[in-house]
Structure formats: C-alpha cells, structure tokens
Amino acid sequence: MLWTLSVKGGCLPLWRRMAVWSLWILLLWTASLPVAVTDAQVLGQVGGSVLLVAEHHPGFQVREAIWRSLWPSEELLATSFRGSLETLYHSRFLGRTQLHSNLSLELRPLKSGDSGNFSVLLVNTEGRAWIQILQLKVYDAVPRPMVQVFIAISGDAQPPKTCQAFLSCWVPNITDITYSWRQEGTVDFGIKSHGLFTDGQVLRVSLGPGDKGTAYSCIVSNPVSWNSTIVTPWESCHHEAAPGKASYKDVLLVVVPVSLLLILAGLLSAWHWGPCSGKKKKDGCANGVVPETETPLV
C-alpha cells in the first residue's frame, strides 16, 4: 500500500526531511505489526466542526501519531513527531485541519462529502503501536418541513359534521430523515401508528366541531438536527365547507363548457380566415402561392 507524503512548500530543512523519512519507516514498519484496534462513530453537521479524539490507555506515553483518511480515499492528514505537529499535507482537508496538543484532530468547516473512515496510529516510547478507527458521518441541517392538508367532508348539511383530514409532511432534497407527529397541548409526544402512512410522512385524523383549535406539528429530524411545522387542520375543513365558497366540482361545471366554446370558436375562425378565402383567394391562391399564416392559438 502506497501513501504519497506531499507537504506544502518548497525545499524542506534537514530536520523536516528526516521527519518525513521517519514517517515512511514508521508506516512500513507498522504495516506488518500486530496492533490493537478500536472503533468509534462520530457525527457532524455541514458547516460545523467535529473533533476526532485520539484515545489511549493512561500509561501509553505517545511519541508519534499519524492521522489518515482511509475511505473514500487514502490520504495523510496530520502527524506528530516528538511534539512537532504537522497538518500541511495536500489532501481534501488541507486548510481545514487542526491537530491539538492531545493529538485529537479537528475538522472544520465540514462539507457533505467529508463522511468516511479515519484512523490514528499512536506509537509509544517502547515502540508499541495502537490504532483507532473512526467513522465520520456528516449530515445536512434539517430545514423547516412543508405541510399540506387534504380533507374529505362526510355527513350531510345537518350537524354534527366530521372532517377526515390527511396531513402530508415532507422535506425536499434531504435524505436520512425521520418523520414524527405530535398533537399540541398533549403530554404524549407520539401519534398512534395506525393513523400514519408512508413511513410517518402522512397523518390521518378525524375532526369535529370540537376540534377547531386542535393543532398538529410535524417533526423532522436526523441524528444532528431537527425542525418542525405546526398546522391546524380544522381551518381547511371550515374553509371548504363555508357557505358561498365554490367547490372544485362547481368550478369544473363552469370552466369545462366555456373552454369547449372557446376551442370551437377558434376552429371556426381558422377555417373562415384560411389561406384561400376572401380577398386572399384572389391575391394569393390565384397565383398558385399560398401566403404564410400563423396558426391561431387555441
């Protein structure tokens, strides 16, 4: 396995070149050395920062440390040799790394493509090695969700009247999202699962006149952030059922006949003012030339 040790700058001083050669020897030496390995997961948010902590036993006196990115690409990020810290290696994290005195590596600001696996190799004064593997997962901040209410009014004009409402909640262009619902003013945070559909994105509720002030909040979250939107569905039920308000069926009864009349009138006009009618027939068609006309817009 080959790692390119590219350091920012021109000619290196002698002590820096010796450190680079020591790093090469250390990497080759530890490639076949049995070491202890631990795993950990670290979560971060786009635009924020994250600290990759180098953990070891209290009696483990660290002399050298090497931080690397393992996946999706193998890159050298930072090194420490006998107290000398170096982070100016040409990697995708160049300019966004800081190696602290406790050998923990800070990455900032985080980008959506920074998720991956990292390793820190620690060598103590006795020559024993310790490797820790860390998995970094970077998430986007969750925006405020959008909620749309779809209703179906049941019953006749006589009270009582009930309203079946479907509350649809979604967040565009975001993955790894969890949806949940809460009825405001109640102790219980969750909603019974039998009223949920599409992995919790849609909530079905039955409302009556006594639910005029009942509000529901859609809560969207990922492991690092959350957001919510509150909606009062009875307002949509009341709006649809209000007297004097035209329903979508009433609108169709008016719009469809008028549209058909307009289409018929356009066709008659196109036939009457065709290329070989009236004066155009004498001037144009008599010479065997049909003048160019624009197709009427219906």
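For reference, positions follow the sequence shown, starting with 1.
Between Gly44 and Val224, the closest heavy-atom pair is O-CG1, 3.8 Å. In this structure, Ala215 and Thr232 approach most closely via the heavy-atom pair CB-OG1, 3.8 Å. Counting all heavy atoms, side chain and backbone alike, Pro145 lies closest to Cys169 at CB-SG, 3.6 Å. The two atoms that bring Leu43 and Val50 nearest to each other are O-CG2, 3.9 Å, heavy atoms only. Closest approach of Ala141 and Ile174 over heavy atoms only: O-CD1, 4.5 Å.
Between the CD atom of Gln148 and the OG atom of Ser168 there is a distance of 6.5 Å, given to the nearest 0.5 Å. With values rounded to the nearest 0.5 angstrom, Trp67 atom CH2 is found 9.0 Å from Leu77 atom CG. Atom CG of Leu85 is separated from atom CG of Leu103 by 7.0 Å, given to the nearest 0.5 angstrom. Atom-to-atom distance recorded for Ile177:CD1 and Ser225:OG is 7.0 Å, nearest 0.5 angstrom. Taking CG of Asp176 as the reference point, atom CG of Asn222 lies at 7.5 Å (rounded to 0.5 Å). For the atom pair NE2 of His57 and CG of Leu122, the computed distance is 11.0 Å after rounding to the nearest 0.5 Å.
Contact of the Val171 side chain with the Tyr179 side chain is registered, since non-hydrogen atoms from C-beta on lie closer than 4.5 Å. Using a 4.5 Å heavy-atom cutoff, the side chains of Arg92 and Lys111 are not in contact.
Under a hydrophobic-cluster definition in which Ile, Leu, Val, Met, Phe, Trp and Tyr are linked whenever side-chain heavy atoms come within less than 4.5 Å, directly or via other members, Trp130 and Leu105 are assigned to the same cluster. With hydrophobic clusters built from ILVMFWY side chains whose heavy atoms lie under 4.5 angstrom apart, Leu196 shares a cluster with Val205.
A donor-acceptor pair shorter than 3.5 Å can be found between the side chains of Arg144 and Thr229. A side-chain donor from one of Glu184 and Ser217 sits under 3.5 Å from a side-chain acceptor of the other.
With sequence neighbours excluded, the residues satisfying ring pair (Phe, Tyr, Trp, His ring centres under 6.0 Å) with Phe93 are Phe118.
Annotation for Gln61: atom CD does not count as buried by contact number, only 12 or fewer foreign heavy atoms lying within 6.0 Å. Heavy-atom neighbours of Arg108 CZ from other residues, nucleotides or ligands within 6.0 Å: at or below the threshold of 12.
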